[in-house]
Number of protein chains: 2
Amino acid sequence: MRKPEIRGRILEYIRRFFDERGYAPTIRDILRGCNISSTSLVQYHLNVLEKENQIRRDPEVFRSIQLVEKDIIEVPLLGTIAAGEPIPVVDSGTWSNRAEETLRLTTDVVGNKGHIYALKVKGTSMLDALINDGDVVIMEVAQTAEDGEMAAVWLKNEQEVTLKKIYREPGRIRLQPANSEMKAIYTGPENIEVQGKVVAVLRRLDQ
Amino acid sequence: MRKPEIRGRILEYIRRFFDERGYAPTIRDILRGCNISSTSLVQYHLNVLEKENQIRRDPEVFRSIQLVEKDIIEVPLLGTIAAGEPIPVVDSGTWSNRAEETLRLTTDVVGNKGHIYALKVKGTSMLDALINDGDVVIMEVAQTAEDGEMAAVWLKNEQEVTLKKIYREPGRIRLQPANSEMKAIYTGPENIEVQGKVVAVLRRLDQ
DNA sequence: TGTTCTATAGAACATTCGTTAAATACCAAC
DNA sequence: GTTGGTATTTAACGAATGTTCTATAGAACA
């Protein structure tokens, strides 16, 4: 059966209600606010939401509904990443600059890493990493990467940045695209410079 | 009649309750939590607190008590202030450093100033400003001060920082101690450097 | 002494609100 | 079709909880 969007509306209503009034709505508040026709139907959906771990409630306690908020991390959007340019250097000075924009992401998206920042991808040069023009990559500050980790690698000879999985092999480095249909490229250890690790990629199709 | 400390206990209880459970206590919760013997007594005190604008409530709404929180400003404690040392230079770089400690102050304490930071006073050299060893001064970033404003002034010849009210007089600067029983000192305009304005002084005797 | 204000007590009332039960409707898979 | 899970409706119960009323006591003040 269709998953009704009504539970989303309920969550949204709870959030708004709490924002505006400072305490949680009752079942009957939700009933009116979401045009639901019976208290037991609200109960029903609240029970589902609680099972889904979207809300928490104390039984028999009035107005005890709470949203289970994911931990939110503010990630600064520090610039762009494009084939022909190194990615922005991130030091403590850069951090103090107010980023043009901040992404509010949950730990579900970015994990519990240390220094995280975001870059907007310019151009289609990273299609082999399955990353499109306009995507946003979430980076972690790093100068090195473990085998198998996806990193932003600056290729000195080619004067180019690329996103690849890194593998150290005898006498050479294998850079493996995320797209398994594409072939790895090989280069010398002296030709690469890790500029950061890729933590996540965001692609927003809406809006 | 004595002002009972019970209303302070009630406020504290409400704060703790909300912190722990995510929603406000009922009158009967407060009754148990604060060892009060009747609901109407709790009502009585809550009504007083509401009149004093310490809490807000929606009539007839369960668990609608809310603390009226003053706007809270996080003030970084950036170091010490002592007679023989300039106070720490505050620039955007300093802001990005995580301060050792942060003071949570209300606008009631620090007003609505711009760049605010805190310094711990070391030594008794500022007794003439009625400031003791261990006090905390709240500073506003500034390179100049208006007549009559209390500022942290670096005296170049004396190699010393002092907290005084500044008055410009013909050909000289008058530095007036906060302690009116002490005499002003005079110096040339070229001898002083304003390092910041004093916004507030905190002295905590407890703990 | 009486007055007034704050603080306290006890009890009862009325409403708000979470909970439950039982029945029906809808849709999908078998 | 039958079965089964999800969604919905209606109705009612009873506990949680804000409110009100009345009475009492102590302190401050004139």
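Every chain is numbered from 1, with letters handed out A, B, ... down the list of sequences. Because the structure is predicted, anything quoted here is derived from the model rather than measured.
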Practice item. Could you label the plane-to-plane angle of the F62(A) and F62(B) rings as parallel, tilted or perpendicular, counting under 30° as parallel and over 60° as perpendicular? Key: parallel

From C-beta outward on [X], which listed nucleotide comes closest to its side chain: [options]?
X: T39(B); options: dA12(C), dA12(D), dG18(D); value: dA12(C)
X: E60(A); options: dA15(D), dT8(D), dA7(C); value: dA15(D)
X: S40(A); options: dG10(C), dT20(D), dA21(C); value: dA21(C)
X: T26(B); options: dT8(D), dA12(D), dG18(D); value: dG18(D)
X: F62(B); options: dT16(C), dT20(D), dG18(C); value: dT16(C)

Review point. Partner of dA30(D) by Watson-Crick or G-U wobble geometry, both contacts under 3.5 Å, or none?
Key: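 Partner of dA30(D): dT1(C).
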
[X] side chain N/O closer than 4.0 Å to the phosphate oxygens (OP1, OP2) of [N]?
X: R63(B); N: dT17(D); answer: yes
X: R7(B); N: dA7(C); answer: yes
X: H45(A); N: dT8(D); answer: yes

How close or far is atom [atom2] of [N] from atom [atom1] of [X], stated in whole angstroms?
X: I36(A); N: dT8(D); atom1: CD1; atom2: C1'; value: 11 Å
X: I30(A); N: dT16(C); atom1: CD1; atom2: C1'; value: 15 Å
X: Q43(B); N: dA11(C); atom1: CD; atom2: P; value: 18 Å
X: E52(A); N: dT6(D); atom1: CD; atom2: P; value: 11 Å
X: I27(B); N: dT16(C); atom1: CD1; atom2: C1'; value: 13 Å
X: Y44(B); N: dA25(D); atom1: OH; atom2: C1'; value: 13 Å
X: R32(A); N: dT16(C); atom1: CZ; atom2: P; value: 9 Å
X: I10(B); N: dA7(C); atom1: CD1; atom2: C1'; value: 12 Å

Point to revise | Criterion salt bridge (Lys or Arg N to Asp or Glu O under 4.0 Å) on D147(B) and K165(B), from CA distance to verdict | key: CA-CA 8 Å; D147(B) 268 26; K165(B) 288 186 185 173; over 6 Å; no

Point to revise | Student check: side-chain heavy atoms of V42(B) and R28(B) closer than 4.5 Å | key: no

**Study point:** Any donor-acceptor N/O pair under 3.5 Å between dG18(D) base and R28(B) side chain
**Key:** yes

Exercise for review: Identify whether any heavy atom of V61(B) sits under 4.0 Å from a base atom; if not, whether one sits that close to sugar-phosphate; answer base, sugar-phosphate or nothing.
Suggested key: sugar-phosphate

Check your understanding: Below 4.0 angstrom, N of the basic side chain to O of the carboxylate: do E169(A) and R172(A) qualify?
Key -> yes

Point to revise | Evaluation steps, side-chain contact (heavy atoms from CB on, under 4.5 Å), between L67(A) and Q54(A) | key: CA-CA 6 Å; L67(A) 296 175; Q54(A) 308 250 41; over 6 Å; no

